[in-house]
Amino acid sequence: MRAATLSTSTLANRSANLLKTGLLLAALSALALALGRQLGGAQGLVLAGGVVLVMNVVSYWFSDRIALAMHGARALAPGELPWLEAMLADVALRANLPRPRLFVIEANTPNAFATGRSPDTAAVAVTTGLLRLLDRRELQGVLAHEVAHVKHRDTLVMTVAATLAGVITHLAQLAFSFGGALLGARRDDEDEGSSALAALGVLLVAPLTATLLQLAISRSREFDADAAAAELTGDPHGLASALSRLEAGNRLVPMDGAAGSSHLFIVNPLSGSGVMGLFATHPPIAARVERLLAMTVGR
């Protein structure tokens, strides 16, 4: 097993990613509030703030149950896969965390995700396709990646980002549904045509901007989780190999019903390509593999 070390560039990348994540979350929050104000003035601002607060509270307490139920994940029965339980327990111990609950999803698509608001409530779900495709070394890298998400509280951060983006999108849809009633309430003595055109521009741009901000957060967290996983296992090659095989597997067998939760998975469970790469929830696998291999010492 090869050793992995934290180089100066790796530490710099991690610090930059943390800063970027904080700024992007702040930008998402500001966008939601600005959209609320655009729709209804001071009252709209208060309403948007209330919706954001309620949705984040719901996400905080119930996101793990929602994510697991959405994909039909079942709790692993005691003694069903003792080697898998032992592998996850070992990785969690290296990360100084309690072992997350382990779930299995009956799906041919090879993939995995972690969820939960804290290490004490965390869960890791793996598909049966993943268990069939990967060898033990690769699987250890995948489990370490998910444990890293738990350790960094990424499961909560990415849920909050997805919730904020969803609130912004629904606010814009609400405005379009009510049409001129909401926009007209704020025209006052301004030129009616230019005011309506500006408001329409905001409604069109806000959901797209929110989506891109959410995706940027998700991508930065994936890079950090890869690096942390390599540290935990001391084997960057294991995870690099797993990512390459998982990318190919998900292109061949995309996951049904994963459009709203694709940011959770270790690799994109959908088969987008071309211009849709702009809206990918994950960094390119080639870039992730390159960073992992750069961590290897004495190759």
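Note that the structure is a prediction, hence the values are computed from the model and not measured. Residue numbers count from 1 along this sequence. Atoms considered below: every heavy atom in the structure, side chains included; atoms not considered: hydrogens, waters and symmetry mates.
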Donor-acceptor contact present, side-chain Thr109 to main-chain Val253, <3.5 Å: yes
Sequence neighbours excluded - ring pair (Phe, Tyr, Trp, His ring centres under 6.0 Å) pairs with any residue from residues 88-108: none
Test item: Pro110 and Leu134 side chains (from C-beta on) under 4.5 Å apart, heavy atoms: no
Side chain to side chain contact (heavy atoms under 4.5 Å, CB included) evaluation trace for Glu222 with His149: CA-CA 8 Å; Glu222 291 302 322; His149 275 315; 3.3 Å; yes
Residue pair Ser241 / Glu138, side-chain donor-acceptor N/O under 3.5 Å: yes
Contacts of type side-chain contact (heavy atoms from CB on, under 4.5 Å), residue Asp64, not counting sequence neighbours: Arg101, Thr115
Salt bridge (Lys or Arg N to Asp or Glu O under 4.0 Å) against Arg117, all qualifying residues, sequence neighbours excluded: none
Closest non-hydrogen atom pair between Arg153 and Pro119, with its separation: NE-CD, 3.3 Å
Derivation of the side chain to side chain contact (heavy atoms under 4.5 Å, CB included) call for Leu239 and Gln140: CA-CA 8 Å; Leu239 178 56; Gln140 183 187 48; over 6 Å; no
Heavy-atom check, side chain of Phe113 versus side chain of Leu68, under 4.5 Å: yes
Arg245 (side chain) donor-acceptor with Leu133 (main chain) under 3.5 angstrom: yes
Single-linkage hydrophobic cluster Trp61~Met70, side-chain heavy atoms < 4.5 angstrom: yes
Shortest non-hydrogen contact between Glu146 and Ala114, atoms and distance: OE1-N, 3.1 Å
His282 versus Ile266, closest heavy-atom pair with distance: CD2-O, 3.3 Å
Co-membership, hydrophobic cluster, residues Leu88 and Leu131, 4.5 Å side-chain: yes
Candidate pair Leu102 and Leu81, rule side chain to side chain contact (heavy atoms under 4.5 Å, CB included), full reasoning: CA-CA 10 Å; Leu102 192 54; Leu81 292 173; over 6 Å; no
Minimum heavy-atom distance Ile105-His71, with the two atoms named: CG2-O, 3.3 Å
Over 12 foreign heavy atoms within 6.0 Å of CD, Glu290: no
Sequence neighbours excluded, every pair satisfying side chain to side chain donor-acceptor pair (under 3.5 Å) that has a member inside residues 75-93: Arg74-Glu80, Asp90-Arg94
Residues in side-chain hydrogen bond (donor to acceptor under 3.5 Å, both in side chains) contact with Arg99, at least two apart in sequence or another chain: none
Worked check of side chain to side chain contact (heavy atoms under 4.5 Å, CB included) between Thr127 and Met255: CA-CA 10 Å; Thr127 66; Met255 181 173 285; 3.8 Å; yes
By side-chain contact (heavy atoms from CB on, under 4.5 Å) - contacts of Ala95 (at least two apart): Leu97, Val147, Lys151, Leu232
Any Leu243 side-chain heavy atom under 4.5 Å of Leu292 side chain: yes
Beyond-backbone contact of Ile285 with Asn268, side-chain heavy atoms, under 4.5 angstrom: no
Side chains of His145 and Asp226, donor plus acceptor under 3.5 Å: yes
Asn111 side chain to Asn250 side chain, donor-acceptor N/O pair below 3.5 angstrom: yes
Heavy-atom pair of closest approach, residues Ala240 and Leu293: CB-CD2, 4.1 Å
Closest contact, heavy atoms only, Ala229 versus Gly141: CB-O, 4.0 Å
For Leu93, the rest of its hydrophobic cluster, which grows through side-chain links under 4.5 angstrom: none
Which residues share a salt bridge (Lys or Arg N to Asp or Glu O under 4.0 Å) with Asp135, sequence neighbours left out: none
Ring-face cation contact, Phe223 with Arg288, 6.0 Å cut, 45° max: no
Pairs touching residues 122-142 that satisfy ring pair (Phe, Tyr, Trp, His ring centres under 6.0 Å), sequence neighbours left out: none
Those residues that, when tested against Glu247, pass side-chain hydrogen bond (donor to acceptor under 3.5 Å, both in side chains) (two or more places apart): Arg251
Qualifying residues under side-chain hydrogen bond (donor to acceptor under 3.5 Å, both in side chains), relative to Ser118, sequence neighbours excluded: Thr121
All side-chain hydrogen bond (donor to acceptor under 3.5 Å, both in side chains) counterparts of Arg136, not counting sequence neighbours: none
